[in-house]
Amino acid sequence: MSIKENLFEIKNTFKNPECLLVAVSKTKSIEAIKEAYETGIRDFGENKVQELVEKHEHLPSDIRWHMIGHLQRNKVKYIAPFVYLIHGVDSYKLLKEIDKQASKVDRIIHCLLQIHIAQEESKFGFDENELNEMFNSMEIQSLKNIKIIGLMGMATFTEDTQKIRSEFRGLKNLFETLKAKNLPSNFDLKEISMGMSGDYLLAQEEGSTMVRIGSAIFGSR
Ligand SMILES: *Cc1c(COP(=O)(O)O)cnc(C)c1O
């Protein structure tokens, strides 16, 4: 099936039509992205800074570029001028660097805190203790050029749908718990980025507001 057909099918299965589809175009060509763009998709996700910068230069300027992968601090400066949303913020140090680079280009960069919800050791992200530490330090209030608009998580890579569901549910619960707190003014929690090609329907059932879908649209990598 073509990219257009895949997108049509995926949109048709959505449990929540309001949920934002971020088309994950990593490793895929400019032509493939254009095909998705022509169907009206404007949100694209990449996980490598260099690829993100190159694609941004060659594609229409109304595309909203999402940085979805692990972001190294020394590379923030390359995407700060244009990135729309950074999904994988997994340390306070990274947040500080994003704030610094955003201030240089006079922007307020929207970020999601990546939460470690999977069982696997390899996945990046904050756990609840680290989050609380960050909030308690109050230092985060001084970062004026970032806005934390939600949370992001990746479930364990498994066939066990109950497990995936319970991890997504845990992220949603954490989101609600945080929202109920008196958070600094650079917080405006409204998004939960969870769900990929294999588990986006489960994620939507558990309250996802953004799904990051790659292979189901563009084919395997
Ligand atoms: C690659 C990637 C995706 C998309 O994965 P698919 O299984 O191809 O849909 C989503 N999120 C992140 C962080 C990724 O790196």
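Every number for a ligand or one of its atoms is a count from 1 in the order of the listing. By convention here, the first residue in the shown sequence is residue 1. Note: hydrogens, waters and symmetry copies are ignored here, and every other heavy atom, side chains too, is used.
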Notebook entry, point to check: So, does H87 sit close enough to ligand 1 that a heavy atom of it is under 4.0 Å from the ligand?
Noted result: no
Atoms of ligand 1, numbered as shown, that sit under 4.0 Å from any heavy atom of [X]:
| X | answer |
| --- | --- |
| K26 | 1 (C), 2 (C), 3 (C), 14 (C), 15 (O) |
| I213 | 9 (O) |
| G214 | 4 (C), 6 (P), 8 (O), 9 (O) |

In terms of residue, atom name and distance, what is the protein heavy atom nearest to [atom]?
| atom | answer |
| --- | --- |
| atom 6 (P) of ligand 1 | S197 OG, 3.5 Å |
| atom 12 (C) of ligand 1 | I68 CD1, 3.5 Å |
| atom 10 (C) of ligand 1 | M196 SD, 3.3 Å |

Note to self: Quick one, K144 and S103 - any side-chain contact, counting heavy atoms below 4.5 Å?
What the structure shows: no
Note to self: Could you check whether any side-chain heavy atom of T156 comes within less than 4.5 Å of a side-chain heavy atom of I164, counting everything from C-beta outward?
What the structure shows: no
Next item on the list: Compare M152, R212, H66 and give the one whose heavy atom is closest to atom 4 (C) of ligand 1.
Entry: R212
Pair up each side-chain donor or acceptor in residues 36-45 with any protein partner under 3.5 Å, not counting sequence neighbours, and list the distances.
unit_1	atom_1	unit_2	atom_2	d
Y37	OH	D62	OD1	2.6
Y37	OH	D62	OD2	3.1
E38	OE1	K4	NZ	3.4
T39	OG1	A36	O	2.7
R42	NE	D62	OD2	3.2
R42	NH1	Y37	O	2.8
D43	OD1	R64	NE	3.2
D43	OD1	R64	NH2	2.8
D43	OD2	R64	NE	2.9
D43	OD2	H66	NE2	2.8

Notebook entry, point to check: Are F187 and F135 close enough, and set up right, to give a ring-ring contact (aromatic ring centres under 6.0 Å, His included), and what steps lead you there?
Noted result: CA-CA 11 Å; F187 276 74; F135 291 135; 5.3 Å; yes
Note to self: A quick test of your reading: do over 12 heavy atoms of other residues, nucleotides or ligands sit less than 6.0 Å from CZ of F8?
What the structure shows: no
Next item on the list: With salt bridge (Lys or Arg N to Asp or Glu O under 4.0 Å) as the test, would you mind laying out the steps for K172 and E206 before giving the verdict?
Entry: CA-CA 7 Å; K172 166 78 169 170; E206 298 303 328; over 6 Å; no
